[in-house]
Structures are given as structure tokens and as C-alpha cells.
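In the text below, chain A, chain B and the rest are named by the order of the sequence lines, each starting its count at 1.
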Amino acid sequence: MKGFVPKIVAFCCNWCSYAGADMAGVSRMQYPPNIRIIKVMCSGRIDPIFVLMSFMEGADGVLVTGCHIGDCHYINGNYKTQNRFEVLSEMMNELGLEKERLRLEWISATEGEKFANMVKETVEQVKKLGPSPLKPVIE
Amino acid sequence: MNKSTGKCYLAWATDEKTRERGSSGGFVSAALAAALDKGIVERVLVLKKHGVFKGTPTVTSDPKEVLDSAGALHMTAINLAKYVDSDVRIALPAKPCDARGAIERAKRNQVNLDNVYMVGLNCAGTMHPVKARKMVKEIYNLDPDAVLSEEVSKGKLIIKTSEGEKSIKIDELERQGYGRRDACKYCSINIPKMTDLACGNWGVPHDRKATFVEVLTEKGEEIFKNAVDAGYVECEPASDKSIETREKIDQAMKKLAHEWHEKLFEPINKLSDSERLEYYINAFASCTGCGACKKVCPPCPCGEDAKCTMTEFQSEAHRIHMFNMVRLLHLMDSCIGCGRCEDVCPASIPLTMIHMRFTERIQKKLDHIPGIDMKKPPLFETELREVQND
Amino acid sequence: MKKKGAVLVIGGGIAGIQASLDLADQNFKVYLVERTPSIGGHMAQLDKTLPTNDCSICIEAPKMIEVARHSNIELLSYSEVVSVRGSVGNFKVRVLKKPRYVDEEKCNGCGECVAACPYIKHLQEFEVGLKLRGNIYIPFPQASPLVYTIDREHCFACGNCKVICESGAIDLYQKPEEIELEVGTIIIATGYSELVPEKGVYGYGVYKNVITALQYERLMNAAGPTGGHIVRPSDGKEPKKVAWIQCVGSRTKERPYCSRVCCMYATKEAIITKEHTPDIETYIFYMDMRAYGKGFEEYYRRAEERIGVKYIRGRPSKVSENPETGDLTIRYENLDTGEVRELEVNMLVLASAGVPTDTNKELAKMLGVKLDKNGFFQEKELLLAPIETDVEGIYIAGCAQGPKDIPDSVTQASGAAAKAIIPIVETRGEEIEEVELPEEKEVKPTDEPRIGVFVCRCGVNIGRIVDVPTVAEYAKTLPNVVFVNEDIFTCSDDCRGRIKAAIEKYDLNRVVVAACTPRTHEGLFRDTCREVGLNPYLFEFVNIRDQCSWVHMNEPEEATEKAKDLLRMGVARARLLEPEEEGELSVGPDCLVIGGGIAGMTAALELANMGFKIKLVEREQELGGMLRNLYKLFPTDAPAEEVIAPKIRAVHEHKNIEVYTGVEIKGIKGYIGNFEVIISKKDSEEVFNVSTVIVATGSQEIDATGYYGYGEYDNVITQLQLERMLKEGALKELKNVVIINCVGAREEGGRTYCCRFGCGVSIKNAKYIKERYPDANVFILHRDVRTVGKRGEEYYNDVRAKDVKFIRFSKDKKPLVFEEGGKLIVKVYDSMLRTDIEIEPDLVVLTTATEGAKGAGALKKMLKVPIEVGNFFHEAHVKLRPLDFATDGIYLCGCAHSPKGVVDTITQAVGAASRASIPMGVGMVKSEGITAVINPEACVNCGICMTMCPYGAIRTVDRATEVITAVCKGCGTCVAACPTGALEQRHYQNKQITSQIKNVCRLVVE
């Protein structure tokens, strides 16, 4: 039997972090294949509910990513992301989910390496933690 | 709001009947009736009494109905915030949680506070009517249907029937698992300083039948002055001793609330992260998804449609229903701890305590206490409070 | 002869890009000629932009892609202009398309050829020689067009690339091609070059650890040669001490001009260095710290005071190397202390001058325009016509005119676009080809989805790692998938033909392509769908190359599994996609210009000349603004009267301009295309409607009371008072004059900013005093001399030669003005003499800070636009959208934006006119089919969305919340905040995103 293969959901904004993920590819930076990217136009579109739902649907970790503060294509969408994330992460803390499973990262279109490292680190940490306790009950 | 004029009075209704019926000199009823009479407000939202265990929120423009509703109901647990219709100028006699609910609703455009005159009422807690009936029957050995009136005095709950009255210390009732709702036990906001006029009997000398009134805003001033000018109310400045006593009682209540808080939250505080997660999963497992908690929730602005009930978020397979998760999320920055959700939960999930546990983290971290001012909730914020790279 | 509705833009840097987009967006055909393989210019090379530290390529790349995909722009990259004939309206331009040896049509940018090329030894131009490249290359990953180029000069034609290229794009015997274009006007946007210092200058070219600032940019960049690790070229070690030397090659005899951007980029580089590694020591050697732009002074202060960048005023005399360690010793005189010192650093960066592009001479000859003394393009008249050249129909944008920063380049580019339109305005749309598209077929939400899946192997790029046949087989098992195809290059013409055929044959109503990345190819496939009548929003892209095969090269099995997961998610989303309409809102030709100063008048005239109807509103009784008070202008000495009088006359005479003077604006509401404006005259009100608004409300001198005895002593006056006296000839015999600069400016906590023009004004007025009273002693007490604009530095040099005394003071040792024994005394510490000196002046002139006009606050509320420190308006983006507000249809120019001189103001005004002319010119604004929509039944009008929207696109009407679709930009942040779910973002609906989430781990069909 194969060991634990974590699934990580990453939400990326169209302009920076998604492009940063592409940049990792263009530069052939290697990272573990556990990540599934969902693209939105702006990190401000990332409803914290999507994050909750990802966990409920079986994600072992969730990455919320966007443009660096100040770089938002939509003026200040990432400020809102940051504010929401602050509330969301406190919620997850109280719920008792391990902190390492949820991460907010600003990644520019050139930061392919940062993207790759973020995935590497997260996968490693989540592997240590084991499967998410919120994984759904599936008959 | 909160521009306290710092003026404190003892005040009482000039009309003897009102003075008698009101819990402390009938000031509130008289002032409301006066406001209606003189056109400061067009409506008053009152809790129409149906015996001691039931009150129905009623919007009235009849001063008589206002006077009829005088007197506190300790054995009902309604939050009035959801009933405020602010299309007209309206007065709202408000417990702290009513007022906080109204303020949170105002932040979400459900209430126009410009039109609302909040006459605040000190509150040390209320009881759940179903539990209260049981208590009357089992602890007081009285027939709940025969109860004529109730009163809280000197830490005792006095129940009156035609056969006489019986009083038991609230501490004692609470030791036996009765008394105030859990949410009230640990609520530490007892004087509604967020209203226009804070009224109560704390600080009133025992031999006086009067209300201690603190005028907090210009609107409060307007109501108060009107009541006096119109002859509905008489007043005198509160003595330093009165002010001090009121403060002392408030502090004592706060202390008690903290003790209850510790006591009630302790069992979960002791849990490890994973145990706590297990606890929440189990607690929510019995949720039937009836939506009653959402329906009564004062800060929730949503109607029938809401993200918490959206089908695209739901799945039977989830360890915790998304309904609960979304409610938790949306109340992170707005739960006022009024306890209504728990009151109505058919599965008896300790919802208020759970929501408070979540929301208190944000309250501590961001120094944001919902319902006490018009400060933007964190989820409404569009700018960082502090730019980090600066 | 009939005029041509086309414009030639020469140079594809940020200025050329901006000019092209401004023109193309209003239906003029643009030929953009770029001599290198990709557009992007210097901005693409920069790591960050200041003062926001935005990632440079992140903000530029979307514009580059926009250019490449714009149907009105023909991008001629790797091409050069070889000849120009004709005149305005009818230029005939011959352009040489240099052979790339790669077919632009066929190359899909997969990059397989790079690995095949055995010769990797040429210094890469884009990386300023810090990295090697092969003979086949793209300059940088975001290159546009994304087409490879063969360096045939060094290539041995081994043919490896030809063998590996599965799209058959390599053509080693491609021939140069010359084409002829017919255009109406021409914009020169050829930029600048970084001076390569002569060998030996401060050790450059001799000592390995001496590099130029542009090289340093690449070292800092995450995509650069070292992956963003700042290391020394000599040994790859991280430096502990880095120094910058400013003005290398500029402000010299040979190049007397100021390069304008170096002070700030050195500061930025030092800041970012310290952000990388806080304990690196950074030193900047400078002459004057020229932090003149918006937010610059604050940035500089932050660098020095909070980040710990050390600034040393002084020009180093010598740099020597320790051959053992590669460390460098800098010998310098500290001009503040007079000490000669040495500093040892591990690395030295030279802020090298911006110099004219080497093709300028040739090009100028071809075009018949002049170059200035320094070799940059010469404008017609610096103050009156800073964008025009001597040849009608030829305009300048960006650094081709002289070094400038990004916002100034972008501004001038917009200005040049406006200028280029005016002579050919009647030809709008004539050269634009409308593509005939078949009618869209109806796809109802209730229709059963019929999905076609196309999996691409991208040559071996995907196919070598991901088991494409397995993925294709898997696709067949997914619900509603009725057709699956795998192809070697899905983007090829053939395969796109197959997609179209499949849509028709199998009646597909959704198309999913699993291939490279939507960033480069989504548009292409959307068009493909649309060409056979399928709504482009029914297309879904699954990224299995950039985010799968390329990043999991050693895990083919897992990569295949991941590709299957991604495809499942994509198909799930595709099932729920809905056809979306792009929004359109009509915009009429009327514009309100607020402010009748030089900025407002210029903007109004430009727009009026384009045929738009202008309402020009001025609160004073007369037009002219600040310039009415001024004598002569820096740096040309043109009388202010001569600058404004013709404009005032032209404004009054123009049939398209309606002038309102002596009126106040009482209210403005609405949005682009529908602004309702209420103005109040003396005793009446007037209401009118306009489509766009330009804010040109200018600035004013601050009240100087309390500074240096102003208000206390009669002979302490401000520059504005002096200007009036000069104008009226009211000056009396003067012996000693003291001018004090930076009064109330560059202050902590208050007006933190630099006023940008104060230094020029003080120098100019010193000159006039000196001219009138040659024996007078004129002292200028200054902090830094910031003569940054074109000809500014030269002017400063001239005045210095006229015996005007410049005394520098520091912010901690400000001069004192007091009275003693009935005499006015100025006491100042002379840092040159290193002693306090006392002057008994008969006139003290204060060069004060400025602040935004009084009415700015009220306007802010009416227009719902932001205001910042100093009461200046805050633009949409400090670098790339300097003339726009975030809210559509409202634009900004002149001193309302930030303090600036006349040249910059006029340039901005023309630029703002260009911006405003775009929606008015095409008569509408369009919005993508991704805007927010509200379900009114579910909405409770809680208003959270309104606080979220940065564009003011949500409003309430009769207590009902609604989205102004044409104003919405589709970020979706309101949708995320909506508690009820009443708000939805089209194409990114909650159910569409959750379907992806649900399918991450398993197949979920709903």
C-alpha cells in the first residue's frame, strides 16, 4: 500500500500567483505533485468558505495566494484577502485544525522559486501531520 | 454615539399607576409614552406581555399600550433587534444585547439608527421560558400557569401567585441548574452604554421607587428632557453615592460573569486541539439543519437565501455541515452572544458558547467587540490596519 | 490625398506599449515596431518599481499580452524602420523584418529547442551579460511575442533545433523581409540605453565586483541569473557591504544632464537588498538626492531612517580592489564633513547614466527631426509643445526625449497618442478590420452539457512526462464528455480546425483544452470556439504543462494522476459554465474639465481638437490659474503670459469648449457615460450631463506664516510674491537676497513630499535678480538641488556660473531668520566652509511647499475618489495608470495629482485628454463577461459589497443594490464578501468554483 499522499488545494489569482506558478514551470523548478490549483481573477474572490469547503471535501492543506500587498491588479483586493484570512485562520485555530494546513502567501509573477518552495514546505509539513481530520466520511 | 454627556439622574413616573407597575419607578414606560405623545418618535417597540413567560414584540403608536407593557420580563428571552422597523422614528427599550443586535444590524443596513431611540435597560440576565416553567414547578412547587407576576430583588427571584409569593436566591437556582440562561451568566455587558439612555435600578436607594438614568447621547437628552417637560417624569440628579453603588454592582456582575465564563468554558479549554476538533464535530453532528438559529440571529442580515444554506456548499459527506461552518465564519466578527440561537436549537447544541469561543479570538486579537459602536467589522475592512512592509 | 487612420509607434518599451494601447483602444490601427525579439523594454528588466515596490514585470506583462492580442495592433517585433517618406496624414514607412529563423506563425513557444542547442555561451542581452544563453533563445520568459529567435551569427546550423521542433517552426534559411506601411502619424518611443561605463571607471570592467545598476536589478530579480540571490560575480558569495555611486557618466562636462531616475533606483536597490538580508550594509554616494516624484521623498526618508541605508554626500575619487578578496576600497571626500575617507565594500554598483539609444541619429535623419545637444530627440518647444517635434505628425514619448521615470513615460505616451490622433481624427476606425463572426448558438442552462476534451502533448513537453493517452482515456469516463481528442499541438492551425469541426459535428456546447497555460493560450482557444458560434465563455483551460509536466519531470506517474485530477476539475467546472455577454455602455462625447489653469485648458483644447464637447469649469473669474501670477518660466525663460495667453484665447474661441468661470461645482453623481453635474453661479444653478470628467484643480502655495519670520518681517516673502514683483517690476535695489528652499516641505509628519519645481523656481528667480542687480549677492539656501527635468541641470549650471551662491543646509540645521538691532539677519551653517555664516539680507524669499487646491476635499466626496497627503488626488496606479482614477471615466492631471512644473503639467494634461478620449472616441466602454451580478430576491442590501468595491461599481437605487456592469472590473471581491450569496461573479460563480473544489479528491457530479 502506498503511503499517505496529501492533496493540497491552492487558490491563485490570475495576475500574480497563478503566473508565479507558471513561472516555476517555465523555469522547470520541481515541486511535489500534490497540489491542485484553482484560479480566480483576484485573491479577493477567495471566499473563506472555499477554504472551509476544501477541507471538508478532503484537502489536507489549503494555500491562499495572491499578489504582493500593493501589487493588486484590482487596487486593493489582497488587503481584503488578508483581512479575511486573519479571521479565517483564527477560526481554524479554534476549530483545532493544525495551523500548518492553511497558509497565506503573496507570490509575484516572477517568483517561481517562491511558489515551488511554498509547495515543497507545505507538502512536507502536511505529510508529517498525516491526513486531515476533516476528511469526509465516504462509504 | 457614545458621546456621553455624563449626566446621571434618578427619575420616576409622575403617574402613580405607572410607577407601581414599572419595575423601578416606571420611568422607562413613562418616558416612552411621553416620546410618543410629543411626537419625538412615531412608534415604540414593546414586548407585549402574555403572562410572565411570554412576550411578543409589538410595534405600537399607542401610549397606553406602552404603559401597559411596563415592567421587566425575566423569564422570556427575545432579542428585539430583528423586530426594529426603522422606516419611522421608533423607540426601542433595549437590553444590552438588544442594543448590540440593533447596532450590528445597523452596520449591515438592516436598521437605520438615525431613526432609532434606544432606551437602554440594565440587564443581569434572563431565563429561558421552558426551563423557567419547569423551575417554577419543581423548585418553587408552584403551578406555572398560576403565576401572576415575578420580580428580581436583592439577588432573589420572587414568584407571586394568588396564594402568595415565594422567593429563592438566584445563586441557589443556578446551583441546581436553573436560573439564567448560560449566555447571560457569562455576559459582562450589563449596562447598555451603547444606547442613548441607560436605565436601571442599580444605584437607586432601596427606599426609593425610581430609575437610575444615565443620559448618553443627544438623542437620550431629547427623550429625557421631553419626558420631564411633558410632565410624565420627575427627576433629581443622582448622588455620588448612587453613581458609585451602580458602578460597584456593575463590577460585581462583571466579576461574576467572568467566573461563569471560566467555569462554563473550562471543560473545552482543557482539550487539546485535536480533542477540541472532535468536540466540535460531535457537537454539530446532531444539527438537523433546521435553520432556526440563523432565523433568530440578530447580526445575521440574510433573509431566506444565505451562503450558509446554499446548496452548492452542502454535502452529506462533510464532517461538519457547511451550514455550521459558514455560520461560524460569518459570526466570527459579529456574534454578540445574545444566546438566541441556543434558545431555539431543537438539538440543544450549545451554540452560543461555541460561537463565543470563536468570536472571542477575533475580539481579543483585533480589539473588536461587536455591537458597542459603529466600528467596521474585520470582515468589512478594505485596508490593512497596518501596512506590513512599512 | 486621403489621410491614413494608422499610427506607427517606434519602440516597444513601456512608452511604446502605452501609446499603442491608447491608440488601438480607440480604433486607430497601430504598427508597433520593436527592434529586439520582444516588447517590454527596460521596464521588463527591472526587479521592482518604486515607491510601491511593485514587481515590475508583474504589472507590465499584462499590458504586453494586451498588445500582442489586440486586434488593432500589428506587432512587428525584431524589425527596424529603414525609411520614412511623406508627410502628416500620409507617411510611407518601410520596415525591415529581420529573420528570426523561426516561423512566428508556427512557433508556439514550447522551448524544447533551447535544450537541443549545444552552444550555450553567449551573454544574454536581457540579463545584461550576467547569464549565458544558447543560439536559440527568448529574451525572458514573459516575452511577447512568445517566439524564439536564432542568433544566426553564432549558429553553426547543426539543425538539432530543427529536429526537435515538432511544429516545424525552424527555418535556418529565412530571409529578411521588407514591408511598406502607410500611416498618418508617427510616435517615437525608442527609449534610452544604460551607459556602459568606460573600462576602468571606478574599476568597471576591471574589477569583477563592480557592476552597473541595471545588472544589479537582474541580480535582485527572482527570475534573474541568480534566482534573486544577491551574490558577487567574482565568487558567488553574498556581500556584506554594498555601495552605489551616483551620477556615473551624467552631470559631467560630456553629459551635463541629470539622468533623473538613478537616485531613486539606487535607493530602491538598497532597500530591497536590505529586505533580502537585513544585515547587509548599504552605502549610497550622491551629489544631490533627487527624490522629486510622487512618494519619492517619503521612500528616501524610509530608506535612510527606517531601513538604515547610509547616504554619503560626495563623489568618490578612486576605487581600488584587493585582488585577494575581490573587495573594493572607495576613496571619497565626505562633502558634509570635508573629511577624506576610505570605505571598503564587497560589491560596488554604478548608477550609470541613461544615454540616447544608438539608433537615434539614424532615425532622426530618416524622420527629419532634430536631436538635442545630448543626442535625445528634440521637442518642438519645451514648454508649449513638449510632445511634438519640428515635423508635423511626428511625436515623442518616453525616454527618447531624455531620461524619465515610468509614470512620466507612460504619461507622455498617452499624450503622444492624443497628439497622434488629432491630425487624423476623421479617419478613426477606417483601418480597422471588423471580423465577421457567425451567430452564436444558443446554449441554455438546462441543456445537457456536451463536452469536448482536447488533450495536448505540446510536442514532448507534456507528452514525455504525462501519459497523455491515459489522460485522454480517462476524459472519456467523465460525465457529459462526448468527444475526446489528443494532439501533438492543440494550438496548431490544424488542430484548431479539428476543434471547430468537432464542435459542429458533435454539437459540443463546452470545450475543454488541457495544455500549456491559459495565460498565453486561452484567448486563442476562446476565439476558436467563437469562430464556429460557441460563446467563448463556454471554454475551459486545464493547465497541464506549466503547472504539471514541467514541474514534475521526475514523477511521470504522479504527474499523470495530477493531470487526471486537474482535468476532472476542469470538466466539472465546464459543465456549469454559462454563455456570458460582454457588457457595453454607451459613452457620449462630452467631458467636464474641472479647473481652468494650464492643465485644464490644455486638456480641454486637446479634447476639443479631437472633436469632443467640453465644459470647462473654473472657480475664479478668469482662466489661467497659477500661471497668471508668474513672471517667466523655468527652464526656458518663456514669459508665463506667453504660455497662457494663447491658450486662453484658443479656449474661448473654440467652438467645442464651453467656459464657465466664477462658478462652483455643487454636485457630481453618476458614473462613466452618465455623470450629472450641478454647478452654481452667482445666483443660479445649472445642471448638465457629461460622460467623462478630468480633474485639473491644481495646487496652491501653503500659508508660510510661522516659517522663517514670514508674517512677522515685511521683507520675508514667498516666491509667489516675488514672481508678482518681478512681473510688475516692483523690485527695489537689492544688495543681499536670501532664498530659502524646502519651506514647509520634506517635513516629517506633515508635508512629507518634495514640491519638485521649487529648486528650479529658486534658481530661475535668483538669475533674474542677478540680472537686474548684478552687484547683489544672491544666496540660495537649499537641501538638495533637484533640477531634474529636461534642460534643468544645464540651467542650474549656468546660474551657478553667474555667481549665485548655493549653500546647503541639512534638515537638522535649518537656517535662522531673526532681527537684531533693527536688522534682519539670516544665520546658516555653511557646510562648505563648515562654519555658521550670517547674512544681512534686504529680501528673504521662501520657496514654500504646495498643497492641493482648497476644493479638493469636496470634489473627493462628490467623485468618490481618494485623496492623499497634501490634499493631492490619488491615481489608480502610481506607475502605469498615473492619469486615471480607479473609477472609470474620471481622469487626473497637473498639480492636482502632485506638485510639478509646467512641462510635466502640460504633458499630463495632454495625456489625460488621451485617456478620456478613449471611451468617448469609441462611444462606449466594454466589460468582460466576468462582472458581478445581483439576484435582487436574495439581496438584503446590507451594503458590505459597496465597501468592498474599489471601483464604485455598486450602488443603491431606491434601496435596491445594483451593479453598474460597465464599471465593474470583475475582481469578485464583493462576491466573496456577500453573506447571502445574492452576488455572483459571472464565469467565477460559487457553484463553478465549488465544483472544482469538490472534484479535487474524487469525482463528484451534481
Side-chain angles (χ1 to χ4, degrees), chain A residues 5 7 9 11 14-16 18-50 53-54 57-59 67-68 70-77 80-81 84 108-114 116 119 135-136 138, chain C residues 47 52-59 61-62 111 141-142 221-224 227-228 517-519 543 545-555 558-559 561-562 565-566 569 876-877 886 930 948 950-951 969-977 985 988 990 993-994 996-998 1000-1002 1004:
Chain A
V5 184
K7 283 255 170 107
V9 175
F11 293 96
N14 185 58
W15 306 97
C16 289
Y18 192 88
D22 273 2
M23 189 67 197
V26 171
S27 324
R28 309 296 195 276
M29 279 157 187
Q30 302 297 296
Y31 57 79
N34 308 64
I35 179 176
R36 306 290 177 265
I37 290 177
I38 295 175
K39 186 182 83 167
V40 286
M41 290 311 285
C42 173
S43 64
R45 175 67 184 96
I46 306 168
D47 193 326
I49 295 172
F50 296 158
M53 183 141 179
S54 303
E57 285 290 336
C67 305
H68 282 267
D71 292 13
C72 181
H73 191 82
Y74 300 101
I75 318 285
N76 57 4
K80 294 159 214 166
T81 313
R84 288 173 194 151
S108 80
T110 56
E111 290 174 330
E113 192 176 355
K114 186 173 178 190
V119 178
K135 269 198 189 296
I138 295 162
Chain C
D47 178 46
T52 49
N53 285 359
D54 270 45
C55 157
S56 189
I57 189 72
C58 298
I59 56 177
Q142 294 85 355
N221 190 267
T517 168
R519 265 183 338 104
N543 184 328
R545 188 188 75 182
D546 288 24
Q547 296 176 3
C548 188
S549 69
W550 275 355
V551 286
H552 312 309
M553 297 177 98
N554 306 317
E555 297 141 303
E558 287 86 349
E561 281 310 303
K562 177 172 172 179
D565 283 3
L566 293 172
M569 291 160 67
H877 190 276
I930 58 168
M948 292 291 146
Y951 305 105
K969 297 276 181 280
C971 64
T973 184
C974 57
V975 182
Q985 183 181 11
Y988 290 91
N990 288 314
I993 296 171
T994 51
Q996 286 174 282
I997 298 172
K998 286 178 185 174
V1000 165
C1001 296
R1002 63 209 157 104
V1004 175

Go through the atoms of Asn990(C) and report whether side chain, backbone, both or neither lie under 4.5 Å from a heavy atom of chain A. both
Heavy atoms only: give me the nearest Arg45(A)-Gly972(C) pair and the separation to one decimal. CD-O, 3.4 Å
Side chain / backbone / both / neither for Val9(A) at chain C, heavy atoms under 4.5 Å: side chain
Contacting region of Ala61(C) [heavy-atom separation from chain A under 4.5 Å]: neither
So OG1 of Thr994(C) and CD1 of Ile38(A): to nearest 0.5 Å the spacing works out to 9.0 Å
Please state whether the side chain, the backbone, both or neither of Met948(C) comes within less than 4.5 Å of a heavy atom of chain A. both
For the residue pair Cys1001(C) and Ala59(A), what are the closest heavy atoms and their distance? SG-N, 4.2 Å
Residue part contacting chain C, namely of Tyr18(A), when any heavy atom lies under 4.5 Å: both
Turns out that what part of Gln30(A) lies under 4.5 Å from chain C's heavy atoms comes down to both
Structural part of Arg545(C) lying under 4.5 Å from a heavy atom of chain A: neither
Compare every heavy atom of Val1000(C) with every heavy atom of Lys7(A), then report the nearest pair and how far apart it is. NZ-O, 3.3 Å
Phe50(A) side chain near Ile993(C) side chain, heavy-atom distance below 4.5 Å: yes
Residues at least two apart in sequence or cross-chain that pass disulfide bond (SG atoms under 2.5 Å apart) with Cys67(A), listed by chain then number, are none
With a 4.5 angstrom heavy-atom cut-off, which part of Met53(A) approaches chain C: side chain, backbone, both or neither? both
When the 4.5 angstrom heavy-atom criterion is applied to Ala116(A) and chain C, the contacting part is neither
Between Gln547(C) and chain A, with a heavy-atom cut-off of 4.5 Å, which part of the residue counts as in contact: side chain, backbone, both or neither? both
